[in-house]
Amino acid sequence: MTTKTASLNTGAEIPLVGLGCWMLKRVEADNPATYQMVRDALDVGYRHLDTADGYGNEQAVGKAVRDSGVPRKDIFVTTKLNNLDHGDVKAGFERNLKALDIEYIDLYLMHWPQAVDPDTGKTVPFGTSPTFVETWKQMEQLIGDGRCKAIGVSNFSVRNLETLLAEAKIVPAVNQVEAHPYLPQQGLDKLCREKGIHMTAYSPLGRPTADKPSPLMTDALVTKLSEKYNKTPGAVLLSWLVQRGNWSVVPKSANPERMKANLDIFELETADFDALSKVHTEPGKLRHLLKYDQPEDVMKSKKVFEWSLQDMGWEQMD
Ligand SMILES: NC(=O)c1ccc[n+]([C@@H]2O[C@H](COP(=O)([O-])OP(=O)(O)OC[C@H]3O[C@@H](n4cnc5c(N)ncnc54)[C@H](OP(=O)(O)O)[C@@H]3O)[C@@H](O)[C@H]2O)c1
């Protein structure tokens with residue numbers, strides 16, 4: 001079981017393996033399945049939780065943290081600004097913190113660069129106020145009173161991150177993006193290393209379910225390495241991400257055995273690490289798995305919450 005951490009540019013330590021708390025759909029605030037999942041995760045040794053206002057379940061996550069008996073200072077909690085709150089970040093943050101009720105938030109991420117107008121429910125077009133730079137400037141105001149320890153972004157591409165960095169007073173501590181061997185995010189990885197921004201991989205297993213295994217988990221090389229090292233395919237994928245350096249991972253599992261397996265990070269031999277680093281170059285493999293095979297599949301719809309792939313800076317994958 002890994003208990004390793006990485007240092008953020010704030011000096012804080014982020015555990016390399018965290019628990020994703022998106023229940024594959026939005027759930028009610030006191031969702032019992034979330035509560036049980038977080039209690040189990042803290043029992044098996046997780047010390048990093050990843051949630052969001054958008055997941056609906058911050059209240060259940062926070063109650064599980066409080067009831068766990070694990071000291072607050074030993075748990076790293078990430079949550080995210082709702083797209084509806086870009087125009088009033090302070091109000092959004094207060095709602096996150098009230099729902100979680102855990103004294104402070106370790107890492108507060110802008111969930112998406114897109115704002116949604118709370119009056120119309122429509123996504124604000126790219127470049128229109130509140131832009132993500134305006135939202136970031138409001139997020140910077142959250143640092144100082146101890147209730148928000150670090151701020152960062154999520155779903156930021158090289159282009160959008162460069163736009164933000166040109167105006168930022170505070171360099172984001174983290175950029176959380178989809179990443180796995182089919183989407184290694186090489187350009188973003190390089191930029192974030194140069195700027196001292198830690199990266200967290202979401203959907204690191206490609207979001208498999210009991211009736212729909214992800215193409216990643218059944219990939220021929222992943223299967224071969226899983227047999228060679230006698231580890232689960234999930235552990236192979238997570239170990240590869242962590243071994244890149246500068247990356248943490250937040251796999252979601254509500255099953256204690258799979259939670260434990262996902263903490264079983266190990267070192268791949270260099271040749272195996274390199275082979276997995278190249279797997280995306282095989283025909284058809286380089287792709288977003290975010291909502292894959294659903295109508296909102298990025299690869300089919302070419303849209304992400306109403307923004308084009310160009311607006312997102314996602315038109316060129318690497
Ligand atoms: N920032 C963002 O925009 C964003 C977007 C998406 C996700 N996220 C974060 O990233 C987290 C993880 O992403 P995700 O939930 O999309 O995908 P994921 O972690 O790649 O996959 C989760 C799925 O994998 C199953 N699973 C977990 N471990 C397994 C294993 N060892 N073997 C087989 N199946 C396994 C889980 O089922 P069981 O529960 O039954 O084990 C669940 O169905 C989310 O929970 C969320 O916190 C962030």
Side-chain angles (χ1 to χ4, degrees), residues 1 17-27 31 33-34 36-38 40-41 44 46 48-58 60-61 76-83 107-114 152-157 160 172 174-183 185 188 199-219 222-223 226 231-241 247-265 288-294 296-298 304-305 307 312 314:
M1 178 182 99
V17 181
L19 179 80
C21 295
W22 166 242
M23 305 303 278
L24 307 187
K25 59 176 190 207
R26 194 181 156 88
V27 291
N31 181 251
T34 304
Q36 193 56 50
M37 176 177 82
V38 175
D40 288 344
V44 306
Y46 282 77
H48 168 182
L49 306 169
D50 182 78
T51 187
D53 180 289
Y55 303 171
N57 57 5
E58 286 174 305
V61 172
F76 188 100
V77 180
T78 301
T79 194
K80 312 186 190 86
L81 175 75
N82 196 302
N83 295 3
L107 176 63
Y108 194 52
L109 302 179
M110 192 188 316
H111 201 156
W112 290 90
Q114 300 95 322
V153 293
S154 177
N155 294 299
F156 270 64
S157 59
N160 287 342
V174 168
N175 185 13
Q176 182 182 118
V177 296
E178 179 184 345
H180 40 65
Y182 286 6
L183 191 64
Q185 305 270 20
L188 203 50
M199 300 198 69
T200 299
Y202 76 63
S203 304
L205 308 175
R207 206 177 266 181
T209 58
D211 45 341
K212 198 179 67 162
S214 90
L216 270 176
M217 297 283 273
T218 51
D219 183 274
V222 174
T223 307
S226 155
K231 301 282 184 182
T232 63
V236 170
L237 293 164
L238 300 171
S239 298
W240 174 79
L241 278 159
W247 286 83
S248 53
V249 293
V250 286
K252 177 264 174 188
S253 181
N255 174 297
E257 289 313 310
R258 289 193 283 279
M259 283 176 192
K260 283 185 208 152
N262 293 345
L263 279 177
D264 191 14
I265 298 299
H288 282 272
L289 293 172
L290 185 65
K291 304 194 177 179
Y292 78 97
D293 294 343
Q294 294 173 33
E296 317 90 87
D297 182 338
V298 177
V304 187
F305 297 134
W307 279 16
M312 293 299 291
W314 285 12

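Every number for a ligand or one of its atoms is a count from 1 in the order of the listing.
Between Pro113 and Trp307, some side-chain heavy-atom pair lies under the 4.5 Å cut-off. Contact of the Val61 side chain with the Leu49 side chain is registered, since non-hydrogen atoms from C-beta on lie closer than 4.5 Å.
Counting heavy atoms closer than 4.0 Å to ligand 1, residue Glu178 contributes nothing at all. Contact annotation for Asn262 and ligand 1: only side-chain heavy atoms (C-beta onward) come within less than 4.0 Å of the ligand. For Leu24, every heavy-atom contact with ligand 1 shorter than 4.0 Å involves the side chain, none the backbone. Contacts with ligand 1 closer than 4.0 Å are made by heavy atoms of both the backbone and the side chain of Ser203. Heavy atoms of Asn155 found under 4.0 angstrom from ligand 1 belong exclusively to the side chain.
Between the choices Arg207, Lys260, Lys252, Met37, the shortest heavy-atom distance to atom 39 (O) of ligand 1 belongs to Lys252.
Phe305 and His111 have their aromatic ring centers separated by at least 6.0 angstrom.
If you number the atoms of ligand 1 from 1 as listed, the ones under 4.0 Å from a heavy atom of Tyr55 come out as 4 (C), 8 (N), 9 (C), 46 (C), 47 (O), 48 (C). Counting the atoms of ligand 1 from 1 in the order shown, those under 4.0 Å from a heavy atom of His111 are 1 (N), 2 (C), 3 (O). Within the listing of ligand 1, atoms 38 (P), 39 (O), 41 (O) sit less than 4.0 angstrom from a heavy atom of Ala254.
Within the model, atoms CH2 of Trp22 and CZ of Arg207 stand 7.0 Å from one another, a figure rounded to the nearest 0.5 Å.
At least one heavy atom of Cys21 sits under 4.0 Å from some atom of ligand 1.
Using modelled atom types, one finds no donor on one side chain facing an acceptor on the other under 3.5 Å when comparing Asp40 with Tyr46.
Residues passing the salt bridge (charged side-chain N to carboxylate O under 4.0 Å, His left out) test with Asp293: none are found, sequence neighbours excluded.
For atom 10 (O) of ligand 1, the closest non-hydrogen atom of the protein is Tyr202 CB, 3.3 Å.
When all heavy atoms of Asn57 and Thr51 are compared, the pair lying nearest together is OD1-OG1, 3.2 Å.
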